[in-house]
Amino acid sequence: MPVTLRFSLSTLLPTLLFAMCFAPLAGFARPPATTPPDALAATMAGEYALRAGRLDEAADWYLQAARSVEGDAGLAERATRISLLGNDNERSGEALKLWRKRAPRSLAMGAAEATLALRDDRLQEARRALEALLRDPDPKGWRYAVEAMSSGGKDPKATARVLGELVDSGAIPDDLQPWLVLGGLAQRLGDAALTERIVAAVIQHFPDQPRVALLRISQLREADKPDQARAVLETLARTEPMAPDLRLSIAAEYDALGDSARAAAVLAGGPQDDQLYGLRASLLAKAGDKPALGKLYEELKQGSANPDPSRRLLLGQAAEFLDRHAEALEWYRSVAGGPQRAQARLRIAKVLHDLDRDDESWTALRELQADASVDDDARRDGYLLEAELRKDDGDAEGELDAYARGLAAYPDEPELLYSRGLMWERRDDIARAEADLRRILVADPENIAALNALGYTLADRTDRFDEALQLIDRARVADPDNPAIIDSHGWVLYRLGRNDEALAELRRAFALQKDAEIGAHLGEVLWVTGHEDEARRYFEEARKLDPDNRSLKRALEKTGA
């Protein structure tokens with residue numbers, strides 16, 4: 001699916017940043033200066049193929065280069081990584097053998113061994129490699145094991161079975177963090193029983209840790225036991241004193257349970273700043289709790305004898321949430337300077353549009369677009385907002401005109417081209433959508449969003465599947481763990497008829513990001529492969545996330561689910 005920007009309170013949860021064994025390839029080992037001419041030519045050909053998104057060719061060239069330079073571990077490692085990224089198990093195995101011969105065992109090598117064994121369904125070998133990583137004295141070893149289990153394996157049930165055996169063997173380090181991460185992995189693998197076992201073990205080993213309670217709450221919520229999740233959450237919410245990150249995490253769990261008002265109440269405890277006030281206001285608006293939002297608005301006003309631009313902007317947003325449009329306009333117009341001024345001007349145009357004062361709204365936007373004293377990003381955003389408002393009005397010509405004027409002022413501006421390209425796709429004009437996305441790639445060949453959007457569009461709306469795969473693979477090289485890109489990869493594999501590979505990718509994407517479009521894709525592939533009951537579950541999850549999602553509607557119509 002096209003890369004989109006999303007924000008939710010859950011994005012503020014503390015997350016573990018893995019030492020990824022399949023990081024972007026651009027920084028990996030280069031061949032030494034003494035590389036023979038034939039090997040150097042093969043390496044250069046591999047690089048060109050890699051940048052073109054032809055991962056099979058890149059893996060082949062790098063494997064040739066590695067074979068021709070005796071003892072070069074860097075080339076063998078790079079060939080292994082590229083082959084794994086391209087899901088080429090045969091070449092991965094050959095390259096890995098060379099890597100083993102030429103270099104001492106490392107965590108990255110162990111992760112590659114485990115990943116390949118999972119993909120080949122050699123589960124006992126996978127377990128041995130993973131156990132070696134988990135028991136390695138290097139404290140980063142378990143991270144490599146988690147990444148191998150996250151990215152390897154076609155069947156999540158098989159991976160979950162291996163993880164369960166590792167838990168039973170006592171291989172998990174006696175530290176809270178790996179247990180928490182592995183509990184989350186069990187959830188993503190869809191094994192409720194294993195998740196329950198891990199959570200029980202964590203509670204036994206670390207009974208007084210708030211993060212353990214958070215894992216328990218998450219597990220109960222995912223198991224569709226909201227009342228039990230809320231009971232644990234209520235106990236945790238009484239923790240005092242409460243660290244700021246824990247407060248945010250508790251609020252995120254209340255929000256995930258559908259109680260945004262309670263989430264806002266949790267955030268009201270402890271020291272406040274404009275970010276927290278803004279989160280509270282947005283949560284109360286989401287909950288539709290106007291009395292509480294009104295109290296927060298009055299609190300903000302009373303605590304702002306002479307509000308600075310940030311506070312004035314926040315007061316305008318709170319008034320806007322309360323549908324007090326006149327007050328919102330007054331606050332926004334009082335933002336006299338600073339970077340908040342341009343944002344306030346955009347909000348003024350939006351409020352005027354909401355009041356059906358369209359002529360004033362368009363005038364405000366035209367003034368912003370023409371104001372040479374404003375930075376280019378804000379002026380560009382003026383065109384983007386106008387296009388969005390015109391689209392909401394059903395004014396197709398006005399939307400197109402806003403983009404045309406924006407691109408006349410800022411030729412080849414990627415944000416404008418990207419948004420217009422998605423507009424053309426929405427209007428079923430695939431040729432024009434492709435043209436705009438390719439214009440971005442002419443100026444910036446490595447633009448990940450454009451590579452992914454164009455690849456997905458060609459996969460979804462044309463039969464140019466091989467070309468789509470190359471574009472998506474170029475995006476994967478740069479950002480292999482982006483769920484939108486993983487979803488696109490799974491979708492093009494499905495369109496190519498490679499259903500087992502598609503399911504593995506789409507499951508991984510949905511585990512990383514609960515998104516209606518990913519759920520619709522996963523549901524469709526499950527349906528056509530005969531797993532209709534499981535497909536219905538994902539369709540229902542997608543419906544809860546976004547009942548109007550276009551991909552969901554198309555999948556339901558196609559399958560008759």
Side-chain angles (χ1 to χ4, degrees), residues 1-6 342-343 345-372 374-445 447-462 464 467-468 471 484 488 516-517 546 548-554:
M1 66 178 182
V3 177
T4 55
L5 298 177
R6 295 179 176 82
Q343 182 64 30
R345 292 175 71 176
L346 289 166
R347 297 310 309 166
I348 287 169
K350 177 65 168 63
V351 172
L352 289 170
H353 182 267
D354 290 343
L355 289 169
D356 294 324
R357 293 160 58 180
D358 290 352
D359 289 342
E360 294 177 72
S361 177
W362 308 140
T363 298
L365 285 170
R366 294 293 182 96
E367 289 175 352
L368 175 61
Q369 294 160 4
D371 190 344
V374 176
D375 68 69
D376 288 340
D377 285 349
R379 295 170 68 186
R380 175 208 61 201
D381 288 347
Y383 292 107
L384 289 169
L385 177 59
E386 181 180 350
E388 181 182 343
L389 296 178
R390 300 277 190 186
K391 181 190 76 172
D392 292 345
D393 288 345
D395 181 0
E397 289 303 315
E399 180 187 9
L400 182 56
D401 178 67
Y403 285 128
R405 287 185 287 104
L407 287 165
Y410 297 99
D412 298 325
E413 209 289 326
E415 295 280 352
L416 289 165
L417 285 170
Y418 187 87
S419 295
R420 191 173 71 171
L422 297 187
M423 177 202 74
W424 289 126
E425 187 276 336
R426 193 174 66 248
R427 297 184 185 185
D428 299 320
D429 193 335
I430 305 306
R432 283 194 172 97
E434 180 180 355
D436 276 347
L437 293 170
R438 287 199 184 278
R439 276 179 66 183
I440 299 172
L441 295 173
V442 168
D444 180 9
N447 187 295
I448 296 172
L451 286 168
N452 182 59
L454 180 55
Y456 175 78
T457 299
L458 294 181
D460 191 51
R461 307 300 296 278
T462 77
R464 294 155 60 189
E467 186 178 356
L471 289 160
S488 296
E517 188 159 344
D546 181 7
D548 298 321
N549 182 270
R550 287 195 305 150
S551 292
L552 175 60
K553 289 180 176 180
R554 290 205 306 255

Trainee: Distance from E386 atom CD to D401 atom CG, nearest 0.5 Å?
Mentor: 7.0 Å
Trainee: Please report the shortest heavy-atom distance between N452 and S488, naming the atom on each side.
Mentor: OD1-OG, 2.8 Å
Trainee: To check you understand the geometry: which heavy-atom pair defines the closest contact between Y418 and A453, and what is its length?
Mentor: CE1-CB, 3.7 Å
Trainee: How many angstroms lie between atom CG of L471 and atom CG of L454, to the nearest 0.5 angstrom?
Mentor: 5.0 Å
Trainee: Kindly give the heavy-atom pair with the smallest separation between D371 and R379, and that separation in Å.
Mentor: O-CD, 3.3 Å
Trainee: Any salt bridge between R550 and D460, counting N to O under 4.0 Å?
Mentor: no
Trainee: Roughly how far apart are L417 CG and D412 CG, rounded to 0.5 Å?
Mentor: 6.0 Å
Trainee: Could I get the full list of ring-ring contact (aromatic ring centres under 6.0 Å, His included) partners for W362, not counting sequence neighbours?
Mentor: H353
Trainee: Pick one: which of R439, R464, R461 meets side chain to side chain donor-acceptor pair (under 3.5 Å) with E434?
Mentor: R464
Trainee: Between A378 and L368, what is the shortest heavy-atom contact and its length?
Mentor: O-CD2, 3.9 Å
Trainee: Does R427 use its side chain to pair, donor to acceptor, with the backbone of A396 at less than 3.5 Å?
Mentor: yes
Trainee: Check L400, T457, L437, I430 against W424 for a side chain to side chain contact (heavy atoms under 4.5 Å, CB included) and give me the one that passes.
Mentor: L400
Trainee: Is any side-chain heavy atom of L346 closer than 4.5 Å to a side-chain heavy atom of L365?
Mentor: yes
Trainee: For the residue pair E425 and Y456, confirm or rule out a side-chain donor-acceptor distance under 3.5 Å.
Mentor: no
Trainee: Would R432 and M423 count as a side chain to side chain contact (heavy atoms under 4.5 Å, CB included) here? Give the steps.
Mentor: CA-CA 9 Å; R432 283 194 172 97; M423 177 202 74; over 6 Å; no
Trainee: Rounded at 0.5 Å granularity, tell me how far CG in L441 sits from CG in D436.
Mentor: 11.0 Å
Trainee: Once side-chain contact (heavy atoms from CB on, under 4.5 Å) is applied, do any residues pair with K391, and if so which ones, sequence neighbours excluded?
Mentor: E399, R426
Trainee: Is the closest side-chain heavy-atom distance between P414 and D444 below 4.5 Å?
Mentor: no
Trainee: Any side-chain heavy atom of D358 within less than 4.5 Å of one from D393?
Mentor: yes
Trainee: Evaluate the side-chain proximity of E397 to R390: yes if any heavy-atom separation is below 4.5 Å, no if none is.
Mentor: no
Trainee: Of R420, R380, R405, which meets salt bridge (Lys or Arg N to Asp or Glu O under 4.0 Å) against E413?
Mentor: R380
Trainee: Which heavy atom of V374 sits nearest to which heavy atom of A342, and what is that distance?
Mentor: CG1-CB, 4.4 Å
Trainee: If I compare all heavy atoms of A349 with all of L385, which pair ends up nearest, and what's the gap?
Mentor: CB-CD2, 4.4 Å
Trainee: State the CG-CD distance between D381 and E415, to the nearest 0.5 angstrom.
Mentor: 7.5 Å
Trainee: Just how far is it from atom CG of L416 to atom CG of L384, taken to the nearest 0.5 Å?
Mentor: 4.5 Å
